Amino acid sequence: MEDTVYTASPQRLQPYAQNPTQLVNFYYFRILIRANTVMDYQFKDIEQKWQQFWAENHTFKAEDNSTKPKYYVLDMFPYPSGAGLHVGHPLGYIASDIFARYKRLKGFNVLHPMGYDSFGLPAEQYAIQTGQHPALTTEANIATYRRQLDLIGFSFDWSREVRTSSPDYYKWTQWIFMQLFNAWYDKKADAAVSIDVLINHFETEGSAGIDAVCDDDVQSFTADEWRAMSHNDQQSELLKYRLTYLRESTVNWCPALGTVLANDEVKDGVSERGGYPVEQKKMMQWSMRITAYAERLLQGLDTIDWPEPLKEMQRNWIGKSTGASVKFSIENDTEKVIEVFTTRVDTIYGVTFVVLAPEHEYVAELTTPEQKAAIDAYITKTKKKSELDRMADTKTVSGAFTGSYVINPLNGVKVPIWIADYVLAGYGTGAVMAVPSGDQRDYLFAKYFNLPIIPILDSQNTEKEADPTKEGHYINSDIINGLEYKEATATVVAKLEEIGAGKAKINYRMRDAIFGRQRYWGEPVPVYFKDGLPYLIEESDLPLVLPEIDKYLPTESGEPPLGRAEGWSYKPHPNPPREGGLNEPTGKVSPTGGDLEGAGGYEYELSTMPGWAGSSWYWYRYMDAKNDKEFASKKAIEYWKDVDLYIGGSEHATGHLLYSRFWNKFLKDIGEVFVEEPFKKLINQGMIQGRSNFVYRLLDELGRGTNMFVSHGLTKQYNTSAIHVDVNIVENDVLDIKKFKAWRPEFADAEFILESGKYLCGVEVEKMSKRYYNVVNPDDIATRYGADTLRMYEMFLGPLEQSKPWNTNGIEGVFKFLRKFWKLFHNEQNQFSVTDGQPSKAELKSLHKIIRKVEEDVERFSFNTSVSSFMIAVNELTDLKCNNRDILQQMVIILSPYAPHICEELWSLLGNAPGTISYALYPKFNPEYLVEDEFAYPISINGKTKINLSISLSLDPPAVEQFVLASPDVQKYLDGKTPKKVIVVKGRIVNIVL
RNA sequence: GCGGAAGUGGCGUAAUUGGUAGCCGCACCAGACUUAGGAUCUGGCGCCGCGAGGCGUGGGGGUUCGAGUCCCUUCUUCCGCACCA
């Protein structure tokens with residue numbers, strides 16, 4: 001208990017100043033009273049005792065061989081940051097723990113594990129500053145997390161703990177990477193297929209008949225040509241098909257962090273972590289061919305029970321659009337064509353120019369000497385604009401003419417080629433066919449540069465702006481004149497295909513995911529290089545362990561930190577033991593076939609995997625966490641199959657949750673796992689925001705701060721400035737002046753202008769963060785009120801999905817409830833005392849109401865409403881002076897998922913074997929106890945309730961109507977009139993229409 | 001701009017199918033026990049009104065015997081996306 005309990009404010013002590021004996025008495029009584037109240041419900045002892053019991057007895061170890069149905073409840077595992085947990089973090093864990101405990105009571109074999117996503121940037125940034133190895137700080141942070149988690153009484157099966165940064169774990173992350181490297185995506189099979197199949201095909205039939213998701217620049221060759229190729233040429237061709245591949249691509253480079261970032265790690269042109277500027281840069285990078293799965297990732301969303309907003313975010317991110325690609329040949333150039341993607345191919349006769357992104361690869365060649373100055377100037381100008389500026393400035397029209405022209409494939413019309421930064425290099429082909437009559441951006445561009453605007457539909461009005469309508473009949477459009485939209489589109493596509501100038505196409509906004517990070521604290525990529533080409537290391541050499549380095553910084557020559565590792569190179573085995581040809585594409589082209597010259601070994605890949613690698617499959621590792629032969633045994637995967645309930649934050653919508661679905665689909669394709677979607681049901685818990693408190697420093701005439709502070713309600717009368725004050729020295733927005741003076745030396749002599757004898761603080765909702773002094777720590781709450789109170793209060797705060805500010809005001813209500821619950825089992829002297837015998841009707845009614853209510857609430861994740869229902873039940877039982885063993889024993893079971901410690905204690909006081917409550921049977925609801933024979937009908941006149949009348953429920957509606965109309969109380973309202981109509985809904989309402 | 005979610009007492013919230021709006025808790029007020037309370041118990045507590053009564057779920061309109069709930073419209077807040085061809 002807090003020591004402040006024994007202190008008294010100076011004002012309070014004032015009356016005793018003259019009388020020391022009285023003062024002593026004052027303290028004596030305070031302590032006595034305190035001791036009395038502490039005597040009843042000793043949460044501290046109880047909670048410690050049971051937490052220890054659970055740990056020692058492995059109470060929550062999930063069974064691997066069970067005849068019970070399985071249920072898998074998963075939390076998003078945390079990154080163990082140095083700041084520890086604040087009160088917002090456990091919200092989702094508490095909800096999932098209640099659910100897991102509830103499912104156990106319902107007879108399920110529950111898998112409820114926890115672990116740590118322990119690779120990541122903050123530990124490395126800290127290492128750069130302090131020189132401490134990230135493994136050490138991570139270890140220390142994990143210890144803090146574990147201590148904090150244990151305090152809350154979760155029913156995790158800790159025997160299955162995983163840490164992504166542990167070599168036993170990342171061995172399998174590397175292993176999955178290898179499988180991806182050894183696979184390609186066969187569109188015909190619509191699945192990932194072994195690279196051996198592709199090689200086999202090349203050897204027998206060449207590239208003909210392959211329909212793969214691959215790089216754009218793959219070659220066409222016959223089987224003979226393939227066999228004639230050098231080993232290196234074969235390897236670099238294969239790389240264009242692999243699901244993880246190395247390719248020069250435009251990446252988000254963050255100079256401040258010294259690494260590339262994935263698209264989902266960049267927000268508004270700056271890095272999500274740290275907010276550093278990000279620039280586009282071309283780099284050789286590992287990528288994951290997630291685009292191969294775009295359609296399946298999209299379709300799968302319809303089969304899973306996830307929040308609609310989250311699914312919508314993923315759909316958005318995938319960004320499917322249906323249209324056509326069209327090739328425009330270039331005037332005076334027979335080789336090159338400009339390919340565009342359009343969703344309105346029907347508007348092709350309205351094309352009056354073509355626009356390329358300034359970064360488009362043909363820009364230099366297409367620029368005529370006369371236009372070179374203008375184009376160069378424009379490119380320089382756009383390059384100067386940062387990503388942010390470019391996004392912010394969407395109104396200004398800008399661009400430049402290249403001097404070249406393309407030919408419209410359908411009507412042969414010559415139109416100019418422009419460049420403009422409203423065309424994005426990263427979307428579609430980086431080129432658009434501009435139809436100013438139908439597209440507003442094209443329209444503004446045409447107006448600005450005085451280019452023609454051709455209407456193509458008779459219903460189109462292009463006087464003031466573009467008209468994107470699809471209504472009406474086509475005009476100025478040759479082969480589709482007079483047709484309507486649907487027909488016209490089909491006709492144009494058919495014609496384009498016929499003349500080989502285009503085809504129907506589906507485009508996705510999603511890009512392949514960059515997979516390398518130029519950082520230290522991540523999984524090493526299990527790859528070495530020979531002749532500049534990447535090869536996998538032997539599977540038997542896994543895990544490829546992170547080497548020690550002297551500094552966590554890039555090398556002098558700009559290589560990633562791993563470049564500092566001394567003697568870190570790969571030495572293939574002379575006769576490597578191999579199984580299934582994992583490491584080498586074919587026997588013939590083995591890079592490890594003894595042609596290694598010198599003994600220095602080959603250089604490893606120096607970048608590491610991104611943060612999302614380890615989290616993209618971890619739920620499988622929990623199924624069989626100790627397995628050193630496989631990432632999880634087939635048997636375990638077959639039994640646990642998928643996650644039934646996943647709880648976590650929506651901030652992972654387009655990162656973790658998308659990548660996990662991708663890897664899962666891949667693992668399914670190669671037969672390692674059995675389900676298409678890993679997380680059947682997902683719930684986003686809301687964010688807990690901080691609730692900051694402020695004090696108001698009085699300013700003097702010159703605007704300088706004084707040491708006088710004005711209570712919030714009086715600030716209008718004074719000139720003040722607001723200062724954040726630690727929320728832990730404020731209760732119900734009343735400042736604890738004594739603690740405030742002690743908070744910081746500068747406030748030791750502070751003076752106050754009070755209102756009604758109190759200093760009231762101002763309030764604002766902000767992020768929960770150290771710098772706002774609004775962080776509330778679960779440890780403090782648990783110390784003061786206990787874990788059971790903390791658990792129930794977090795649920796009581798409101799619906800799980802809703803974001804809300806943390807406010808400790810009100811926690812007393814939950815604390816009182818638990819004490820009241822405790823008292824049901826104890827007499828005035830706090831001695832355990834229950835009676836045997838038949839429960840009363842009223843007691844049974846209360847019990848069965850709560851049995852049903854909690855069941856319904858938990859099934860729909862409405863935990864806040866069950867907490868109030870528990871309060872109602874305990875209030876009722878207290879009023880009934882209930883201490884019946886039957887009733888109370890069942891109450892204990894129902895409450896145990898919410899408040900497990902107190903329930904364990906009472907369960908064993910009731911004489912049950914310790915620890916068995918976790919696997920007790922949830923009480924069965926019996927509706928008979930809730931049957932009523934009377935109902936107090938609300939009687940309303942014209943829809944407005946006037947009185948209540950108790951009427952037997954055996955009466956049918958006409959009899960009720962008769963009874964009601966005969967009632968003198970109702971007669972009074974009727975005022976002699978005859979009702980036009982009387983509506984009687986049995987057991988609900990009576991409405992009289994006058 | 002597009003998409004989504006949400007607006008109910010002083011505060012957090014409840015009302016599962018259209019059927020008594022405000023359950024439960026906090027705060028507040030009054031009382032009891034008390035020399036002494038930050039304990040406990042009892043009662044009160046949407047707004048206006050002495051009362052009878054009236055009004056009331058962001059605003060306006062509609063459907064209905066009956067609307068917090070359904071429909072239209074509008075405002076506000078939060079979240080996501082944003083030159084996507």
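A quick note: this is a predicted structure, and the numbers were derived from the prediction, not measured. In what follows, every heavy atom counts, from backbone to side chain, and hydrogens, waters and symmetry copies are set aside. Lettering follows sequence order; numbering is per chain, from 1.
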Go through [options] for me and flag the one nearest to the [X] side chain.
X      : options             : value
A:R784 : B:G38, B:U16, B:U20 : B:G38
A:V423 : B:A85, B:U16, B:U20 : B:A85
A:R988 : B:U16, B:G80, B:G19 : B:G19
A:L424 : B:C55, B:A85, B:A14 : B:A85
A:P799 : B:G4, B:U16, B:A14  : B:A14
A:R441 : B:C84, B:U16, B:A14 : B:C84
A:Y422 : B:C83, B:G54, B:G4  : B:C83

Roughly how many Å apart are [M] and [N], using the [atom1] atom of each and rounding to a whole number?
N     : M     : atom1 : value
B:G43 : B:C33 : C1'   : 15 Å
B:C75 : B:G59 : P     : 15 Å
B:G9  : B:C26 : C1'   : 13 Å
B:C29 : B:G10 : C1'   : 13 Å
B:C70 : B:A6  : P     : 10 Å
B:G19 : B:U69 : C1'   : 11 Å
B:A14 : B:U8  : C1'   : 10 Å
B:C72 : B:G22 : C1'   : 28 Å

What is the distance, rounded to the nearest whole Å, between atom [atom1] of [X] and atom [atom2] of [N]?
X      : N     : atom1 : atom2 : value
A:D421 : B:C84 : CG    : P     : 13 Å
A:F863 : B:A14 : CZ    : P     : 14 Å
A:I506 : B:C84 : CD1   : C1'   : 16 Å
A:R344 : B:A85 : CZ    : P     : 11 Å
A:M313 : B:A5  : CE    : C1'   : 12 Å
A:K804 : B:C79 : NZ    : P     : 16 Å
A:E308 : B:G3  : CD    : P     : 15 Å
A:E801 : B:G12 : CD    : P     : 18 Å

Parallel, tilted or perpendicular, as decided by the 30° and 60° cut-offs, for the rings of [Y] and [X]:
X      : Y      : value
A:H656 : A:H652 : perpendicular
A:F925 : A:H848 : tilted
A:F863 : A:F861 : perpendicular
A:Y898 : A:F870 : perpendicular

Less than 6.0 angstrom separating the ring centers of A:F43 and A:Y785, yes or no?
no

Answer yes if the ring centres of A:Y508 and A:W317 are under 6.0 angstrom apart, and no otherwise.
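No, they do not, as the ring centres are separated by 6.0 Å or more.
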
Paired nucleotide for [N] [Watson-Crick or G-U wobble; both distances under 3.5 Å]:
N     : value
B:G3  : B:C79
B:U17 : none
B:G49 : none
B:U69 : none
B:G43 : B:C29

Do A:K823 and A:E828 meet the salt-bridge criterion of a basic N to acidic O distance under 4.0 Å?
no

Indicate whether OP1 or OP2 belonging to B:G12 is found under 4.0 Å from a side-chain N or O atom of A:R691.
no

B:U40 phosphate, OP1 or OP2, under 4.0 Å from A:R819 side-chain N/O:
yes

Atom pairs under 3.5 Å: protein N/O with N/O of nucleotides 60-67 of chain B:
from  : atom 1 : to     : atom 2 : distance (Å)
B:C65 : O2'    : A:N991 : ND2    : 3.0
B:C65 : O2     : A:N991 : ND2    : 2.7

Looking across every strand, which nucleic acid part, if any, lies under 4.0 Å from A:E856 by heavy atom: base, sugar-phosphate, or nothing?
base

Check every strand shown and say whether A:N864 touches a base, only sugar-phosphate, or nothing at a heavy-atom separation below 4.0 Å.
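Result for A:N864 = sugar-phosphate.
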
Identify the pairs formed between an N or O of the protein and an N or O of nucleotides 24-31 of chain B at a distance under 3.5 Å, and give each distance.
from  : atom 1 : to     : atom 2 : distance (Å)
B:G25 : OP1    : A:N875 : ND2    : 3.2
B:C26 : OP1    : A:K816 : NZ     : 3.0

Reading RNA chain B from 5' onward, which residue's closest nucleotide shows up sooner: A:S862 or A:F935?
A:S862

Validation: residues 682-690 of chain A side-chain donor-acceptor distances under 3.5 Å, sequence neighbours left out:
from   : atom 1 : to     : atom 2 : distance (Å)
A:N684 : ND2    : A:G648 : O      : 3.1
A:Q685 : OE1    : A:G649 : N      : 3.3
A:Q689 : OE1    : A:K804 : N      : 3.4

With no hydrogens and no angle check, do the side chains of [X] and [Y] hold a donor and an acceptor under 3.5 Å apart?
X      : Y      : value
A:N875 : A:K820 : yes
A:D857 : A:T865 : yes
A:E766 : A:S692 : yes

Does B:G62 count as syn, meaning its glycosidic angle lies within 90° of 0, or as anti?
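You should classify B:G62 as anti.
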
Just by distance, do the side chain of A:S862 and the backbone of A:V858 share a donor-acceptor pair under 3.5 Å?
no

